[in-house]
2 protein chains.
Amino acid sequence: MVKLSDVAALAGVSPAAVSRVLSGDTTLRVSEGTRQRVMAAAQQLDYVPNHAARSLRTSRTSTIALVVPDVTSAVFAELARGAEDEAGARGLAIVLGRAERLHDDRDWLRRLVGEGRIDGVILQLPDGTPPADLESLVVQDTPIVVINSVDDGPLSTIVLDDAAGIRLAMDHLRRLGHTDIGFIGGLLGSATGARREAAFRAAMAEAGLSPEEAWMTRLGYAGTDGRAAAVRLLESATLPTALVVANLNAALGVLAEIHDRDLRVPGDISIVAMHDVWYADATWPPITTVRMPLSELGAAAVVALADSGSGVIHTVLDSPAPQLVVRRSTAAPRAGG
Amino acid sequence: MVKLSDVAALAGVSPAAVSRVLSGDTTLRVSEGTRQRVMAAAQQLDYVPNHAARSLRTSRTSTIALVVPDVTSAVFAELARGAEDEAGARGLAIVLGRAERLHDDRDWLRRLVGEGRIDGVILQLPDGTPPADLESLVVQDTPIVVINSVDDGPLSTIVLDDAAGIRLAMDHLRRLGHTDIGFIGGLLGSATGARREAAFRAAMAEAGLSPEEAWMTRLGYAGTDGRAAAVRLLESATLPTALVVANLNAALGVLAEIHDRDLRVPGDISIVAMHDVWYADATWPPITTVRMPLSELGAAAVVALADSGSGVIHTVLDSPAPQLVVRRSTAAPRAGG
DNA sequence: CTGAAAGCGCTTACAG
DNA sequence: CTGAAAGCGCTTACAG
């Protein structure tokens, strides 16, 4: 490996000068001639600074951890892409972590931080993480941004505009003429679930409708959760003409259960789900969704971390706004409906 | 941050002794008394070694890069989980990379390696990567393991037992009585696609059947690719009674297109797909799949990297064997079929 | 504008 | 069995 002193030797300057040139020293006290010779030498030798040495010296790692509960979730891929792109543009690396580790091995994050491997953490909490667990994450002044989870507390948070998303879904259904609307929500204790449910209730109230509690479930975001929710909901004496599903994954399960009972979507029941992932377009029927700005959330988290030092923030990412993606799972309720 | 010398001071020994104790020096030249005092001191101070310093000194990073073409792919999540678990157990961190970077920014991997940020790379090649590009990845003796892609070449490779997987799917269909079987494959130029297609042809030949070329497509693994393949295939004068789809994602698209044409699965056409992901169970009908050992592949790649030095290897991961997961997308062909 | 020097926190031959 | 010393490759006050 070619090192700083090699470049210095070739350029005929001191290592210090090379360091200053290459790091784009803010107080640029370097002559143009020196700069040029250094740049030429570095290029010629294909010099790449040693990360460990720089990190040891500066106590900065240019690395952040992305800790998520579930890589298979509807939201992860886009989130990761946004984070990765923003990180890449800033020369930051992203190390992957699974949120289960926070439970299985409580020292894991502390160790990662303690070893000085990361400058900060982007953390999506598993649904229903007790607030007490949050406190325990406040580690040695390493910045942590909690995303798509809680929207207050001792750690910085960035959340999606869940209320706007739900409103979009509800507007769509209302415009189609639905009044009997059910809600398939996140886990009881899930922060996003609570926000989405609250937004659903608010939208119903605004429309002068009162939600039918038998049509509301809180079983979670996974496909199997959605299916279980549908099983329960479809037991009701009367059925809603439309469902707002708080997560696309759950919506797949709902769809499967509805098919199983030989009901029709959207003929018997319309479905609109939060989050837009490729498979929303590959189900039968394709599912109308609300596209949330997930890649932007990932990017925003990286930015927040990179620019941190501003203390704890609590942000709702309301731009770009959620977008309704109309597919074939929604239609006007049947005349008899 | 508490450092080595703090532990040494508390234990009343030299930093060197602490280092030896804590690193579990192979040539354990340390008395039991010293060891105990050091351990006690380290525990008391909650000592965690500084990663940068250790890395600078040893030139090892305990970090590997996991570079994949697409985090949304059917295979990624499980792969990542397997890699993450194995890495975690070995105290290795995993940094995430997107394979597009290999194209967009040809120096990216070289830089990552050059900076000394990683000890090795697990790389899933984008489908159809030209062999020449492989050569260019042979970087400064940093071990690279190419997974689920090519199965030979200048870099180490580990692939799934695609042939066994396809054979399982074919056996299932043959046992149900199918003879008119189509194949929806990976991209032309995709190594996995080629292996799966070859296995399909072999299985057909073994059964004394000759594949109908109009029923074979090579459009890729994405949902939209599957749909495009189905569009083309369903134009044929006669239709197959069953399809082997080389990737579950594509199978969703196939299913959607079949629905769109008011054909029935499995009534008109049976479908069996490679890879088993949660949503195979949440489609309508749920899809019969072949479960491939993806998490084991991820783990094996980590192991190969960690134990590398053994030179270039080419491995087919044939254990655990692929497993058929029978759901409702396959049935005997209709009498008239 | 530039260089000499110290030091970030470890590990590891080398002595003893 | 243990310690003193050197050094991994950088950066950054401090002089000049």
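Here is how names work: the chains are called A, B, and so on, in the same order as the sequence lines, proteins then strands, and each is numbered from 1. For clarity, every value in this text was computed on a predicted model and none was experimentally measured.
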Please determine whether side chain to side chain contact (heavy atoms under 4.5 Å, CB included) holds for the pair B:Leu317 and B:Glu296, giving the CA-CA distance in whole Å, both sets of side-chain angles, and the decisive distance to 0.1 Å. CA-CA 8 Å; B:Leu317 186 74; B:Glu296 288 85 353; 4.0 Å; yes

When you compare C:dA13 with C:dG9, how far apart are their P atoms, in angstrom units rounded to a whole number? 23 Å

Below 4.5 Å, heavy atoms only, C-beta onward: do B:Thr157 and B:Ile147 meet side chain to side chain? no

Applied to residues 48-65 of chain A, the salt bridge (Lys or Arg N to Asp or Glu O under 4.0 Å) test, sequence neighbours excluded, yields A:Arg60-A:Asp119

d(CG, B:Asp6; P, C:dC8) in whole Å: 11 Å

Runs of at least three Watson-Crick or G-U pairs with DNA chain D, cut-off 3.5 Å: C:1-3 with D:14-16, C:5-12 with D:5-12, C:14-16 with D:1-3

Please compare B:Gly12 and B:Ser59 by the position of their nearest nucleotide in DNA chain D and report the one closer to 5'. B:Gly12

Inter-nucleotide P distance (D:dA5, D:dC1), Å rounded: 23 Å

Please enumerate all protein N or O atoms sitting under 3.5 Å from an N or O of nucleotides 9-11 of chain D, with distances to 0.1 Å.
residue	atom	partner	partner atom	Å
D:dG9	OP2	A:Lys3	NZ	3.1
D:dG9	N2	A:Ala53	O	3.3
D:dC10	OP1	A:Tyr47	OH	2.9
D:dC10	OP1	A:Asn50	N	3.4
D:dC10	OP2	A:Leu4	N	2.7
D:dC10	O5'	A:Tyr47	OH	3.1
D:dT11	OP1	A:Arg54	NE	2.8
D:dT11	OP1	A:Arg54	NH2	3.2
D:dT11	OP2	A:Ser19	OG	2.6
D:dT11	O2	A:Arg57	NH1	2.2

Give me the one residue out of A:Leu79, A:Val67, A:Val146 that meets side-chain contact (heavy atoms from CB on, under 4.5 Å) with A:Gln124. A:Leu79

For the residue pair A:Thr63 / B:Arg117, report whether a side-chain donor-acceptor contact shorter than 3.5 Å exists. yes

Taking B:Ser156 for the side chain and B:Ile313 for the main chain, is one N or O donor matched with an acceptor at less than 3.5 Å? yes

Tell me whether the side-chain N/O atoms of A:Thr34 come closer than 4.0 Å to OP1 or OP2 in C:dT2. yes

Side chains of A:Asn148 and A:Ile158: closer than 4.5 Å at any heavy-atom pair? no

B:Glu86 with B:Arg90: basic N within carboxylate O range, under 4.0 Å: yes

